[in-house]
> 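This is the structure I have questions about; it appears just below.
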Amino acid sequence: MGTVSSRLPVFPWDRLEPYKATAAAHADGIVDLSVGTPVDPVPALVQKALTDAADSPGYPTVWGTTALRDALTGWAERRLGATGLAHTNVLPVVGSKELVAWLPTQLGLGAGDRVAYPRLAYPTYEVGARLAGAEPVVYDDPWELDPAGLKLLWLNSPSNPTGRVLSADELRRTVAWAREHGVLLFSDECYIELGWEADPVSVLHPDVCGGSYDGIVSVHSLSKRSNLAGYRAAFLAGDAAVLGELLQIRKHGGMMIPAPVQAATIAALDDTEHVGEQRERYVRRRTALREALEAAGFRIEHSQASLYLWATRDESCWDTVADLAKHGVLVAPGDFYGSAGERFVRVAFTATDERVDAAVRRLAQ
């Protein structure tokens, strides 16, 4: 017992609890800009699809219904510009975090294998490597990696935490490098519909992949675009051989999306109006927080997309966290995402309009 958990780093969010308590003690309550969880309502048409499918007594399938696979391929073609997708090119998953954490294990990676991810990155890429017993490796530019023993390469554009967007040229160069060296490339694109100062491009776009999905898979989530974090609705698109292998493994593990959530996913992917409405909410909140942070002496770097502002006052991230907590504002320390973030904080703009307005007032004090 405990031998697997001993491979893992301390769960980062536990370290934030004392600062959360300080922020919560503010007379006007906490403004939590740390985790980035959606707070706005689930779209009504999605709620209706869920309840209409509530009478689902039988087991769902891991691959999902035909209608779900139609919705996945249709959305990827419309939104990502992917061409010629068949059902074998898509696979629903139980939230993207589950996929990231268990992918190296499901790929059969272990001792002697290497998994690479950006130097500033979502912590679960490292966790997934360590759970499998593989070696985690960070990079600045993926094409400068040593390909020896490298079995899995993670891209993340738009980036969590920095909001940086990789250009089509950067993506194209990375895809070519991965194929040249026989490295499987997974691209985490969960924030792709949330570009503000850039238009994110998928690795599945023909200008990037050349119309072939060999060796590449993209990861997508409905948590951010449709406020469905509580539904755990996500999916993969790309290399049919890779997804076919994962499908067989996930069948044995019973890793299936509940039938009502499959129905809700179809409704969410087939509608664009609610996505536009949610983007408008985020634009207002992002603009207000960015202006307030800059007026308070912060510098914002990257942040062209995603749900976060990557901010610094050129001091220890924990000093910034502590100071803002005294004003009832909780943010995420940058070193949660790697040592390169030790002088930054990640500020989410997923709070309600009322709480964002409260943060703006406090930053001006």
> Calculate, to the nearest 0.5 Å, the distance between atoms CG and NZ belonging to L153 and K151 respectively.
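Reported to 0.5 Å precision, the distance equals 14.0 Å.
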> In Å and rounded to the nearest 0.5 Å, what is the CG to CE distance from L247 to M255?
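Result: 12.0 Å between the selected atoms.
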> Looking at L120 and G341, what are the two nearest heavy atoms and their distance?
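The pair with the smallest heavy-atom distance is CD2-N, 3.4 Å.
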> Are L85 and V242 connected, step by step, through hydrophobic side chains (Ile, Leu, Val, Met, Phe, Trp, Tyr) whose heavy atoms are closer than 4.5 Å?
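Per the 4.5 Å side-chain linkage, L85 and V242 are not co-clustered.
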> Do we see a donor-acceptor contact under 3.5 Å between the side chains of S167 and D169?
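There is no such pair (donor and acceptor under 3.5 Å, judged by atom type) between the side chains of S167 and D169.
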> So, T73 and H87: side-chain donor and acceptor under 3.5 Å apart, yes or no?
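No, because no side-chain N or O of T73 sits under 3.5 Å from a partner of the opposite role on H87.
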> Anything under 3.5 Å between a donor and an acceptor, one on a side chain of residues 44-52, the other on a protein residue two or more places apart or in another chain? List them.
from, atom 1, to, atom 2, distance (Å)
Q47, NE2, V42, O, 2.8
K48, NZ, D52, OD2, 2.7
T51, OG1, Q47, O, 3.2
T51, OG1, K48, O, 3.0

> So, taking the atom named CG in D188 and the one named CG in L155, what distance separates them when rounded to the nearest 0.5 Å?
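Going from CG on D188 over to CG on L155, the span is 9.5 Å.
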> Specify the closest pair of heavy atoms between S226 and H274, including all atoms of both residues, with the distance to one decimal.
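Heavy atoms only, the tightest pair is OG-NE2, 2.8 Å.
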> Identify whether NZ of Lys or CZ of Arg in R69 sits under 6.0 Å from the centre of the six-membered ring of W63 and within 45° of that ring's axis.
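Flagged: R69 positioned over aromatic ring of W63.
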> Please determine whether a side-chain nitrogen of the Lys or Arg among D314 and R299 lies less than 4.0 Å from a carboxylate oxygen of the Asp or Glu.
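Salt bridge present between D314 and R299.
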> Would you check if there is a donor-acceptor pair between the side chains of Q278 and R281 at a distance under 3.5 Å?
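Result is yes, a qualifying pair exists.
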> One pair to check against ring-ring contact (aromatic ring centres under 6.0 Å, His included): Y191 and Y308. What are the steps and the verdict?
CA-CA 10 Å; Y191 296 91; Y308 314 106; 5.7 Å; yes
> Identify the two heavy atoms, one from R313 and one from D323, that lie closest to each other, and give their separation to 0.1 Å.
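Shortest heavy-atom contact: NH2-OD2, 3.2 Å.
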> For the OH atom on Y59, are there more than 12 heavy atoms of other groups (residues, nucleotides or ligands in this structure) within a distance under 6.0 Å?
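For Y59, atom OH is not crowded (no more than 12 foreign heavy atoms under 6.0 Å).
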> Sort and list the pairs that fulfil salt bridge (Lys or Arg N to Asp or Glu O under 4.0 Å) and have at least one residue in residues 239-256, not counting sequence neighbours.
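For residues 239-256: E98-R250.
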> Decide whether V201 and V175 are clustered together by the hydrophobic rule: side chain heavy atoms of Ile, Leu, Val, Met, Phe, Trp, Tyr closer than 4.5 Å, transitively.
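The answer is yes; both residues are in one hydrophobic cluster.
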> Is there a donor in the side chain of R346 and an acceptor in the side chain of Y337, or the other way round, less than 3.5 Å apart?
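Note: R346 and Y337 side chains meet the donor-acceptor criterion.
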> With a 6.0 Å cut-off on the ring centroids, do Y117 and Y122 count as close?
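That pair fails the under 6.0 Å test.
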> Compile the donor-acceptor pairs under 3.5 Å between side chains in residues 16-24 and protein atoms, sequence neighbours left out, one pair per line.
from, atom 1, to, atom 2, distance (Å)
T22, OG1, P18, O, 3.2

> Supply the atom-to-atom distance D335 CG to S316 OG, rounded to the nearest 0.5 angstrom.
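Those atoms lie 7.5 Å apart.
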> Spell out, yes or no, whether Y282 and L293 are grouped together once hydrophobic residues are joined by side-chain heavy atoms under 4.5 Å, including indirect joins.
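The answer is yes; both residues are in one hydrophobic cluster.
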> Are more than 12 heavy atoms, taken from residues, nucleotides or ligands other than E354, located less than 6.0 Å from that residue's CD atom?
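Yes, the 6.0 Å shell around CD holds more than 12 heavy atoms from other groups.
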> Under 3.5 Å, is there a donor-acceptor pair linking the side chains of T320 and E315?
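Their side chains do contain a donor-acceptor pair, which is all the 3.5 Å distance test asks for.
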> Does R286 come within less than 4.0 Å of E197, counting only side-chain N to carboxylate O?
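Answer for the salt bridge query: yes.
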> Assess whether atom CG of D14 is packed by more than 12 heavy atoms of other residues, nucleotides or ligands within 6.0 Å.
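Result for CG/D14: enclosed.
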> Is any side-chain heavy atom of L289 less than 4.5 Å from a side-chain heavy atom of L33?
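Yes, at least one pair of side-chain atoms sits under 4.5 Å.
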> Is the closest side-chain donor-acceptor distance between W75 and D270 under 3.5 Å?
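Absent: no donor and acceptor within the cut-off.
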> Is there a donor in the side chain of R164 and an acceptor in the side chain of N156, or the other way round, less than 3.5 Å apart?
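Short answer, no.
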